[in-house]
Engineer: 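Shown below is the structure under consideration.
What's counted below: heavy atoms across the whole structure, side chains too, no hydrogens, waters or symmetry copies.
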Amino acid sequence: MATTINKPQLTIIQGGDGLRDKSRDDINTNVSQIGSAVNELIDVVASMQQTPPPTLGEEQLQASIDAEATTRAQADTALSTRINGKADKDANGFLVNLVRRHWSTLNLVNDLGYAMDGVVDCSPGFDEAFDALDKGGLLTLNDGIAGVSRPVQPTKERQGIMGTGSGWWTYNTGTAGPCSIRPLNSFQGQAILLGVDRELNDDVLTGNCFFRSFSIDGNSKQIGSGTSATPINGVALLGEVKGWKFDQMAFLQASGHNVAMLPYQSSRGQVFPRGGGFAFCSSWSAGTSAMDDKWGWWLENYTDAYLTNNLAVSNQGGGFYIKGAGQLPISNCIAAYNINENGFLISGNTGSGIIGGGNGGVSLTNCYTDRNAKDGVLITASGPRSRVSIVGGDFRRDGPNTGAGDGGYAAIALRGTASNRVCAVDLVGVMTAVEDDDQQNQVWQPRWGVFATYTTELSITGGHIWGLTGGLSSTNSQIVRISDETVFWKGPPTDKVRSYPDQRTGKGRSVPVITNQSWAIPSAFTRFGGNGSLGSVFYMQMDTRMANFAKLTAQVLGGGAAGASLSVDYTTDLSGATGWTSMQLATLTVDSVGYRNNADWALVPDAAKGDVLIRIMGSGGDGTTTANFASIFFHYRP
C-alpha cells in the first residue's frame, strides 16, 4: 500500500527586517508543520523495514534449498564411504552407491580410492569419474601410473584430465615422468585415450575436452602376439571429434602410432577430427621392431587445428605424417632421429580442387629436422588449389644416402609423378645443412638441399640451401622461381663451394630450370638432357608473358671440347611434339670449367611470350670431350 506524505506549506522567514514582519504565532506554526512531516517520514521508513509474510513460492524455494543440502550431505557421506573402502560393489566390482551430484572436480586417488601403482585396474575409476563429473568437469591425477584395461574415454563435453607432470626426452632416451596412464596386460581397445564420432557413442557429443601434464605410456604393449598381434595407439580420435586440446603432454612407446587422427565413414559422409590441437607435447618411440611403420604423429584429414612446439623423435616410422589436412599451421616443431621414414611427410590428393582439402593450408614455420632416415620434409601433396609453405627453420643431416641408388635423399623433397604433380610449394628463408653424424662419422648428408620432380610450382625466396651433391635439383617442374637473395651450396663441410653462382644481373626473377650434375652434352648436336623414356629431351613449361629479355648461364664442372655450347628453343605446343623454334639467344660456350656467363641478355621474340615449353640444346663441338654441369640456368626479366 502506497504511503502519502503531506507536504507542509512553509512560510519563508526573511532575514533582517523581514523577521520583524512575522508574529511569534506564525513562526510556531511553521515549526510545528516541519515536525509533523519528519514524524511521517520516520513512520514510512519503519514500515518499509518490516519483513512481509512469506509467500507459498518462497516456502517451496526454502524446502528445495534444504533438500539440496541433504543431498549434498548424502553425497559426501557416500564419497567418504568409498574412500574408506566400504562401498557396495556389484558382481563386476563396480561401485553402485554413488549419489548423483554435479561434480566439478574429482581426484582418481583421493576421491575415488584407486591406487596409481601400475597394478590396480583404474578403468572403473575413470568410468565412474566421467559419469559423475558434469560438463566441464576435471579429473585430476596424482604421481604414479594409472593402469587401464580399456580406453580412457570422456563422456561429456569439455571434460578434462590434469596430471602432476609429463615425461621428457633427453639425448637418446626418455622418461614417462611422474604421472602417466599405461595399458595393463589385459588391455583391449584401439587406443589408451580415445575420442569417437557421435555415431559410435550413442549420439553423445564429447567435444572440446582438454588434457594437460601427464604421459600416455604405451609401454610397447600390444594385443595378442606374433604376426597376429594388434597394435595399440596412444591417443586416437576417430571421426568428427571437435576441439580436443593437449598441453604439456608426453606420448611414448605405443605399439601403434603415439598420436592418431583418423577419418570415419559415417552416415553423414566421411568425417574427421577437427579443431583444437597440441602444444608443448613430445612423441617418441612409437612402434616396435616388428611394427616399424608407426609414426609419432599420424594426422589424417586433421583440419582447423594447430601444432606448436611439439617433438617427434626416435619413432620406428617417421615423425609427423600429415595427409589430406587443411588449415593446419605447424610451428616450432622438431622431427629428429626417426628410424625408417621422413621427419615430416605432407601428402593428400584433392582432384576436385576444393579449397581446404588436400593440404589446402598446411604450413611449417620455424620447424627443424635432424638425422631422419629419409627426406627431412617430403611433400607429395597435390591438387590445383592446394599450397604448402615452409617459412624459416633448419633442416640438416637427413637421409643417410647409403641404400640402393645411394639414397638420393634431400633436406626438403617434392616428389610427384607425371600423372600426379606436387601442388604449389613456397620456401621462404629456409636453411639446409650437410653435416656428419653425432659420432663424427663422415656420412655426409643430405644429398640435396632441395629436390623437386614433377612439381606444379616451386618458389624459393632467400635462405641458405646446401646439399652434398647440390643445393637444388629440379626436373620436370612446370614453374620454378628463385629470388636473388637465395644462396646455394654443395659439397661436404670440408670442401663447401657455391652450388651455382649467385651473381645475377638485370631486374626481375632469375629462374633456374635445370640443376643436375649427371647431365652432359652428347657428342653430336642433339636435344639436351637424358630424361629416361624421353631420350635426350629435357624441357620445362614456363609462363614468359612478362619476359622481355633472357639469357643462359651455367656452372661447368668438366669442360667440353672446343666449340661446345648451349642454346635455347621454345614451342607453344605444350606436348612438345612440334613447333620447336630458336629463341635467338646468344649461344653459351661451355668448353672450360667454371661459371659461364658469356651470353648477353637478348630480346625475347613476341611469339615466345606466353605459356610455352623451353628446352636446352647442346652442341658437343668436335665430340671428343663431353661437358658436365653443376647447374644450367635460363634467366628472364621484364
Side-chain angles (χ1 to χ4, degrees), residues 190-191 195-197 199-200 233 235-244 256-278 283 286 293-308 310 312 315 317-331 333 335 338 341-365 367 374-375 377-390 412-417 419-426 454-457:
Q190 185 174 2
V196 298
D197 188 79
E199 286 190 10
L200 302 172
N233 295 313
V235 174
L237 303 188
L238 177 61
E240 192 174 26
V241 181
K242 295 183 178 181
W244 280 32
H257 306 301
N258 276 334
V259 176
M261 304 286 113
L262 303 171
Y264 169 66
Q265 192 63 42
S266 73
S267 61
R268 313 183 305 279
Q270 189 181 65
V271 292
F272 39 82
R274 62 192 313 148
F278 297 80
S283 174
D293 59 345
K294 305 308 177 186
W295 288 64
W297 306 76
W298 181 277
L299 311 176
E300 192 170 352
N301 298 108
Y302 191 39
T303 189
D304 299 332
Y306 63 86
L307 299 176
T308 182
N310 299 306
N315 297 289
F320 296 85
Y321 179 92
I322 304 156
K323 179 181 179 181
Q327 288 74 56
L328 184 62
I330 302 171
S331 61
C333 291
N338 292 291
E341 284 292 341
N342 315 98
F344 294 83
L345 194 162
I346 303 173
S347 68
N349 188 336
T350 164
S352 61
I354 298 173
I355 292 178
N359 307 289
V362 173
S363 63
L364 304 183
T365 304
C367 292
K374 295 183 179 178
D375 301 312
V377 179
L378 171 60
I379 303 172
T380 63
S382 61
R385 299 176 72 175
S386 298
R387 200 168 199 99
V388 174
S389 63
I390 301 178
I412 300 172
L414 290 64
R415 301 184 187 272
T417 64
S419 60
N420 196 35
R421 289 183 177 271
V422 174
C423 66
V425 176
D426 299 308
Y454 289 106
T455 63
T456 302
E457 178 182 345

Engineer: If you measure from OH on Y302 to CZ on F278, what distance do you get to the nearest 0.5 Å?
Structural biologist: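 Rounded to the nearest 0.5 Å, the OH-CZ separation comes out at 5.0 Å.
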Engineer: Quick check: closest heavy atoms across W244 and G195, and the distance to 0.1 Å?
Structural biologist: CH2-CA, 3.5 Å
Engineer: CG of L414 to CD of E457: how many Å apart, nearest 0.5 Å?
Structural biologist: 11.0 Å
Engineer: Taking side-chain hydrogen bond (donor to acceptor under 3.5 Å, both in side chains) as the definition, give me every residue that meets it alongside E199, ordered by chain and number, with sequence neighbours left out.
Structural biologist: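 Listed in chain order: S267, R268.
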Engineer: Taking only residues two or more places apart in sequence or in another chain, which ones pass side-chain hydrogen bond (donor to acceptor under 3.5 Å, both in side chains) with Q190?
Structural biologist: none
Engineer: For the side chain of D197 and the backbone of L238, is there at least one donor-acceptor N/O pair under 3.5 Å apart?
Structural biologist: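 Pair absent, no side-chain N/O of D197 close to backbone of L238.
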Engineer: Identify the heavy atoms of A312 and G319 that sit nearest to each other, and give their distance.
Structural biologist: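 In this case the closest contact between A312 and G319 is CB-CA, 3.6 Å.
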Engineer: Out of V259, N258, I322, L262, which residue meets the side chain to side chain contact (heavy atoms under 4.5 Å, CB included) rule with W298?
Structural biologist: L262
Engineer: A side-chain contact here means heavy atoms from C-beta on lying under 4.5 Å apart; do I412 and I390 qualify?
Structural biologist: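 Contact flag for I412/I390 side chains = yes.
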Engineer: Test of understanding: with salt bridge (Lys or Arg N to Asp or Glu O under 4.0 Å), list the residues that count as partners of K374, not counting sequence neighbours.
Structural biologist: E341
Engineer: Hey, is the main chain of A381 close enough, under 3.5 Å, to the side chain of S347 for a donor-acceptor pair?
Structural biologist: no
Engineer: Run the side-chain hydrogen bond (donor to acceptor under 3.5 Å, both in side chains) test against D375 and tell me which residues pass, sequence neighbours left out.
Structural biologist: R415
Engineer: Starting at OG of S386, measure out to CD1 of I346 and round the result to the nearest 0.5 Å.
Structural biologist: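 Going from OG on S386 over to CD1 on I346, the span is 11.5 Å.
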Engineer: Testing the basics here: between A305 and G275, what is the closest heavy-atom pair and its distance to 0.1 Å?
Structural biologist: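 Looking at all heavy atoms of both residues, the shortest contact is CB-O, 3.8 Å.
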Engineer: Quick check: closest heavy atoms across C423 and V388, and the distance to 0.1 Å?
Structural biologist: SG-CG2, 4.0 Å
Engineer: Shortest non-hydrogen contact from A335 to F344?
Structural biologist: CB-CE1, 3.8 Å
Engineer: What distance separates I330 CD1 from L299 CG, expressed to the nearest 0.5 Å?
Structural biologist: 7.0 Å
Engineer: Please enumerate all residues that pass side-chain hydrogen bond (donor to acceptor under 3.5 Å, both in side chains) together with T308, with sequence neighbours excluded.
Structural biologist: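 For T308 the side-chain hydrogen bond (donor to acceptor under 3.5 Å, both in side chains) partners, ignoring immediate neighbours, are S331.
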Engineer: Residues two or more places apart in sequence or in another chain: which of them pass salt bridge (Lys or Arg N to Asp or Glu O under 4.0 Å) with R421?
Structural biologist: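 Not a single residue meets the salt bridge (Lys or Arg N to Asp or Glu O under 4.0 Å) criterion with R421.
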Engineer: With distance as the sole test, does N315 use its side chain to make a donor-acceptor pair with the main-chain N or O of A286 at under 3.5 Å?
Structural biologist: yes
Engineer: If I take atom CE from residue M261 and atom CG from residue N233, how far apart are they, to the nearest 0.5 angstrom?
Structural biologist: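 CG of N233 is found 9.5 Å from CE of M261.
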Engineer: Which heavy atom of N420 sits nearest a heavy atom of S382, and at what distance?
Structural biologist: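 Closest heavy-atom pair between N420 and S382: OD1-OG, 3.1 Å.
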Engineer: Between W295 and L345, is any pair of side-chain heavy atoms under 4.5 Å apart?
Structural biologist: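 W295 reaches L345 side chain to side chain.
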Engineer: From L328 CG over to D304 CG, what is the distance, rounded to the nearest 0.5 angstrom?
Structural biologist: 9.0 Å
